[in-house]
Amino acid sequence: MAGERERGTAGDADWIFASDDPHTLPTEQLPDRAAFDRYAAPLLERKRAERAQALQAQLAEDAERAGNDSARPSAEQAGTPGSPTAVRSPLTPSSAAPPWPTGEPRQGTARRLVDWDLDTEDRDAPGRPGEAVLPSRATSYARSGTTPNVEDRASGLEMPERFRELGVFDALRDLLALVCLVTALTTTFTFASVPILDTLGKVSIGIGLAALIAVHLLRWIPAHPPLNVVRMVRVVGLLPALLTAMIVVVADLAASLPVLFSSLPDGPPVGIGVGVPLLLLGAIVGMEPRAHEGYLPHLVARNRARLVVIGIGVVAAAALLLALVMIVGRLFTTGWGFSLRAFADALISALLLGIVFAAVWRKDRSWIVFSIAAVAGLVMCALADNTLRLQFAAPLSFATGFVYLPALFAAFGLMISRSFVRTIPISFRRVDWLVYTVRAFEFSVLMHGAAVIWHVLAAIASPTGVTPGGPVLHLLDAVVCACFVAVSLFARKALLERRAEVARASGVIAGSLLVVVGFLDTIVNSVATGAGAGLLTGGVAIAVGIATALMLTVPAPVRDEFGAPDLGKMFADFRLRDTRRASLLDQVPDVNAERARKKAFPGG
């Protein structure tokens, strides 16, 4: 047993993690198309020959019976199910013929039963002139004796025919738009009380909600829905929400320019709360026509979506340049402590935006999928910012720092649009889970590395009173974030280089360490400074640890129709994903068994 554990196969008790068993299973790898065609061709030919022979014999027997029978049935009886001249399928005996699913045929016609399991060309081929081709209801099970066909499934709760066109992805996006619009009313919209902007926000949200409801009423209630009107109502109804969010951002920029270098003891003149990015996201997600509304994306729409995302990145870069100018100017008016903390905040925000926009620019599928998942987590947390007291959800302003959240949420809304998603082939095979795990550890390295710099700068600026907590707390947090970086680098290196069993175990252990230490760091910071979970207080470590532990333990060992997974093969395919060449480590012989064997000293 010790030798089996050393080799990674722990017997029957550890069958779910076995790496050698799948090699002996016939279903470990499905045949390719050529092998399937070679296997199926003789079977199909024999099936067609037997069917043709049986049909010819039946027709000859019917013709002989019709010529010798003196009491030939009339034309009215020729089409009845019990008539001797009624042609049936050779695979369906007349004694067990099921009742006809439709009404009686016209006079002078005969019913020809075609078995539902026949090939398409045989099933669709017309019979003799005057025959009505009807499908047979013979029960057949494709995989096993317990899996019924779709047509034989017991009738339960089924969606109406018109609702079957509604896709899950479109329904989720409509739900996201609805939640974002409603939440924009309950979260912080602007920092300062500006009655005009608050009124515009409430009116535009009401119009957007009414438009979403009207769209679904027009689409599902009429028998023949006016798709052109539905698309127009969707775009026109959510356009005020989009314009209102942009107006608030422009108003904050215009009010911040005169006071860009002056001290702000009472806060920014307008301020952009988290309700503005949520309103912008809801408008962008809700404006795009859905597939069940007759909208089909084409090449022009896909290219425009990608160009708009890149344009949002350019706007975010311009906002960063303006923030850097403000930071330098505030050195002489507000103080170096404020400028140092504002620069640290801008560094983390710019890094997050850089990860998202770089993935879009490079068209890296794995980074795009991971970026969408990461920003989706921020969106879910922003929906409850007043409860969780998150750091990134605090009101921002061009007069005090780098305004990045509207650009980030706008890019996210376009990246989950139908036009953009169609350009990215998304799959979740076993190898992909390993890829996303590596991306999560790389994301942890980048963001926690920036958090180390932030805490060092905050420790330097803490004597001026611009940061919560003292220098000792920030230095301790910097050490904790550095530990997060080290653990993430260790896990990434293990997944890329070490043996499959050791690599997965190392990744799970690293994820567990991130969760435990991140949870303790969050508790300490919440007690000392009153801050909620975030990048600087261990919140990202908790999220990354949970995600990586689940991706390494849930999809990999699950037994499916292809047999128990082969971890060695899965990791080998993952490591050859980009290089497409064998590693030199594969040529190194396994000496673990020889090292574990006890050797007697010569002459002893």
Side-chain angles (χ1 to χ4, degrees), residues 191 252 256 259-269 271-274 316 319-354 385 389-405 408 444-485 517-518 520-541:
F191 182 80
D252 180 79
S256 299
V259 295
L260 200 62
F261 302 139
S262 63
S263 180
L264 293 174
D266 298 330
I272 301 173
V274 73
L320 176 61
L321 180 61
L322 180 64
L324 293 178
V325 172
M326 181 271 302
I327 289 171
V328 174
R330 289 290 175 85
L331 285 172
F332 307 99
T333 58
T334 309
W336 63 271
F338 175 86
S339 296
L340 197 60
R341 181 186 176 184
F343 174 76
D345 293 339
L347 178 65
I348 294 178
S349 305
L351 178 60
L352 179 59
L353 286 176
D385 68 318
R389 301 174 62 186
L390 300 174
Q391 299 168 350
F392 75 94
L396 301 173
S397 176
F398 290 96
T400 58
F402 177 36
V403 178
Y404 74 100
L405 207 56
L408 184 64
S444 176
V445 170
L446 294 175
M447 298 306 296
H448 285 114
V452 172
I453 299 176
W454 189 95
H455 281 296
V456 171
L457 297 179
I460 297 174
S462 59
T464 60
V466 297
T467 58
V472 177
L473 179 62
H474 288 298
L475 290 178
L476 289 176
D477 286 334
V479 173
V480 172
C481 291
C483 293
F484 292 154
V485 173
V517 179
L520 295 177
D521 189 33
T522 301
I523 293 177
V524 171
N525 280 276
S526 62
V527 172
T529 63
L535 170 66
L536 307 175
T537 57
V540 173

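- Note that NE2 of His474 is 11.0 Å distant from CG of Leu457, once rounded to the nearest 0.5 Å.
- Residues passing the side chain to side chain contact (heavy atoms under 4.5 Å, CB included) test with Leu476, sequence neighbours excluded: Val472.
- With sequence neighbours excluded, the residues that form a side chain to side chain contact (heavy atoms under 4.5 Å, CB included) with Asp521 are Asp477, Val480, Asn525.
- Judged as a side chain to side chain donor-acceptor pair (under 3.5 Å), and not counting sequence neighbours, the contacts of Ser397 are Asp252, Ser256.
- For the atom pair NE2 of His448 and CG of Leu536, the computed distance is 9.0 Å after rounding to the nearest 0.5 Å.
- Residue pairs satisfying the side-chain hydrogen bond (donor to acceptor under 3.5 Å, both in side chains) criterion with at least one member in residues 457-470, sequence neighbours excluded, are absent.
- With sequence neighbours left out, Phe402 forms a ring-ring contact (aromatic ring centres under 6.0 Å, His included) with no residue at all.
- The minimum heavy-atom distance linking Leu352 with Met447 is given by the pair CB-CE, 4.3 Å.
- Residues Thr522 and Gly538 come closest through the heavy atom pair OG1-C, 3.8 Å.
- Atom CG of Leu446 is separated from atom CG of Leu351 by 6.0 Å, given to the nearest 0.5 angstrom.
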Atom pairs and distances, side-chain donor-acceptor, residues 341-350, under 3.5 Å, sequence neighbours left out:
from   : atom 1 : to     : atom 2 : distance (Å)
Arg341 : NH1    : Val466 : O      : 2.4
Asp345 : OD1    : Trp454 : NE1    : 2.6
Ser349 : OG     : Asp345 : O      : 3.0

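- Listed here is the closest heavy atom pair of Val485 and Gly449: CG2-N, 3.5 Å.
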For residues 322-338, dump all side-chain donor-acceptor pairs below 3.5 Å to protein atoms at least two apart in sequence or in another chain.
from   : atom 1 : to     : atom 2 : distance (Å)
Arg330 : NE     : Leu260 : O      : 3.0
Arg330 : NE     : Ser262 : O      : 2.9
Arg330 : NH1    : Ala399 : O      : 3.2
Arg330 : NH2    : Val259 : O      : 3.1
Arg330 : NH2    : Leu260 : O      : 3.4
Arg330 : NH2    : Ser262 : O      : 3.2
Arg330 : NH2    : Ala399 : O      : 2.7
Thr333 : OG1    : Phe261 : O      : 2.5

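- Residues forming a side chain to side chain contact (heavy atoms under 4.5 Å, CB included) with Leu321 (at least two apart in sequence, or on another chain): none.
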